[in-house]
2 protein chains.
Amino acid sequence: MEIEGRSARKRRAIVEAARTVFLRSGYAGASMDEVAALAEVSKQTVYKHFADKERLFTEIIVGDIKTTEERSDEIIESLPASDDIDGDLRALGRQIVVNVMQPRLVRLRRIIIGEVDRFPDVARTWFDSAPGRSYAMLADRFGTLHSRGLLHTPDPMLAAQHFLWLVLSIPMNKAMFEVDENPFTPEELERFADEGVRVFMAAYGR
Amino acid sequence: MEIEGRSARKRRAIVEAARTVFLRSGYAGASMDEVAALAEVSKQTVYKHFADKERLFTEIIVGDIKTTEERSDEIIESLPASDDIDGDLRALGRQIVVNVMQPRLVRLRRIIIGEVDRFPDVARTWFDSAPGRSYAMLADRFGTLHSRGLLHTPDPMLAAQHFLWLVLSIPMNKAMFEVDENPFTPEELERFADEGVRVFMAAYGR
DNA sequence: ACTGAGAACTGGACGGTCCAGTACTATGTT
DNA sequence: AACATAGTACTGGACCGTCCAGTTCTCAGT
């Protein structure tokens with residue numbers, strides 16, 4: 001078993017500290033001294049591992065996005081294919097809303113939106129990965145369900161977007177403007193999911 | 001007729017310059033020197049009218065929010081009450097999406113989201129005014145239409161939120177992560193509106 | 001197991017830059 | 001005269017990124 005060397009250990013500490021600091025203070029609000037201090041590492045070491053603040057930010061955020069992406073993939077792939085489409089979608093909607101409304105993700109989203117001008121590539125990566133990939137995976141499922149006659153989704157991509165936003169947009173939009181990243185209880189979130197799915201089924205149900 | 005005095009004229013120039021600069025560069029990116037230069041005013045004069053950068057920002061942004069609010073009110077109030085609910089809502093949806101997706105408003109939205117931590121009050125003002133007020137006004141209309149049997153919206157507030165986000169969330173979410181604030185043509189936007197209204201009517205019609 | 005070389009790290013100082021906000025004098029306006 | 005503004009220099013502070021002298025770690029070669 002490979003033991004993590006000193007350099008790798010320091011690097012991990014830096015990444016973790018940077019994640020904390022950037023998520024807490026945003027890009028402009030974060031200082032490299034703060035990162036170094038929290039990582040218990042000298043500033044020089046930070047600059048040995050990362051060329052500058054922009055690259056550190058980019059790596060941290062893109063890393064977080066990838067993690068998020070994997071989790072979302074799991075959730076959508078777990079969508080069962082029972083006869084009870086309505087129940088299946090309700091379960092899916094609940095999982096999605098609870099997952100996406102995690103305070104950490106809400107903060108991440110806010111920071112990326114605030115830095116679109118400075119980091120357009122990060123924003124694009126987020127969009128392709130966070131909602132974009134879910135759109136595509138869900139559209140794929142809806143396409144299948146349509147051809148099996150279980151849903152009426154002739155435009156599966158549009159249906160997928162409608163589904164996700166029916167479930168998410170009310171709490172997400174509110175959270176964008178609240179200091180408290182998740183002002184809803186899990187029960188409230190699940191209600192948003194259920195009501196969203198109800199509307200979805202009225203329009204797209206068999 | 002009251003002639004605008006010198007002081008008032010300068011103040012207006014400062015406000016306009018500040019609006020331009022803040023919308024272009026955000027709060028942190030904007031500099032007071034830049035504002036003074038664009039307003040063709042000395043920095044001292046800026047500080048004569050506004051105590052500090054934070055207050056200048058707040059006044060500018062809140063002012064813009066109010067303007068937006070009035071425009072939104074007009075649009076929702078113009079919702080006709082004909083027998084053709086479906087057509088009326090489609091017209092409303094189109095107006096809303098085109099109005100809300102103005103590049104200026106999209107930028108404003110991004111800036112406010114990015115500054116939630118520093119300016120929670122501004123964010124709250126935005127939320128209460130921009131989506132919040134529309135929710136309430138629309139919910140009021142839906143309540144009336146429900147009791148007249150023209151819609152089935154027992155929870156008018158929820159229906160109003162579903163309506164607005166069915167129409168808006170797809171383009172708005174994409175625009176949040178694009179450098180180009182409005183990556184859609186008016187035709188595409190209207191299609192989002194129409195499709196959103198279709199889903200809405202399937203769930204809440206009759 | 002020992003050693004020596006080189007890489008990585010520390011800690012602190014520091015230059016350079018940017019910028020909010022102030023001070024001060026001269027000029028213009030009412 | 002009284003007040004507002006211009007113009008400009010200045011202060012104070014934050015912070016990125018660099019530099020350097022001295023220390024610690026790692027690992028290959030013996």
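So that the names make sense, note that chain A is the first sequence line, chain B the second, and so on, each numbered from 1.
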Whole angstrom is fine here: how far is it from OH in Y47(A) over to C1' in dA13(C)?
15 Å
Rounded to the nearest angstrom, tell me the gap between atom CZ in F50(B) and atom P in dT5(D).
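My rounded result for the distance is 12 Å.
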Quick check: closest heavy atoms across M101(A) and N182(A), and the distance to 0.1 Å?
O-ND2, 3.1 Å
Of all the heavy-atom pairs spanning S134(B) and S72(B), show the shortest one and how long it is.
OG-CB, 4.1 Å
Have a look at A39(B) and say if it touches a base, only the backbone sugar-phosphate, or nothing, with a 4.0 Å heavy-atom cut-off.
nothing
What nucleic acid atoms does A51(A) come within less than 4.0 Å of, heavy atoms only: base, sugar-phosphate, or nothing?
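The residue A51(A) makes no contact with any strand.
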From Y47(B) atom OH to K53(B) atom NZ, the distance as rounded to the nearest 0.5 Å
8.0 Å
Distance col, row I65(A):CD1 vs W126(A):CH2, nearest 0.5 angstrom, shows 6.5 Å
Of residues 52-60 of chain B, the positions that come close to DNA chain C - non-hydrogen atoms, cut-off under 4.0 Å
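DNA chain C contact set from residues 52-60 of chain B: D52(B), K53(B).
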How about CZ on R198(B), more than 12 heavy atoms from neighbouring residues, nucleotides or ligands closer than 6.0 Å, or not?
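Buried by this count: over 12 neighbours within 6.0 Å.
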Got more than 12 heavy atoms from elsewhere within 6.0 Å of CD, E74(A)?
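Yes, enclosed.
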With under 30° as parallel and over 60° as perpendicular, where do the rings of F57(B) and F22(B) fit, or are they tilted in between?
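Taking F22(B) first and then F57(B), their aromatic rings stand perpendicular (interplane angle over 60°).
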Can E54(B) and R118(B) be counted as an ion pair, charged N to O under 4.0 angstrom?
no
Per-nucleotide protein contact string for nucleotides 4-11 of chain C, where B marks a base within reach and S marks sugar-phosphate only (heavy atoms under 4.0 Å, - for neither):
---BBSBB
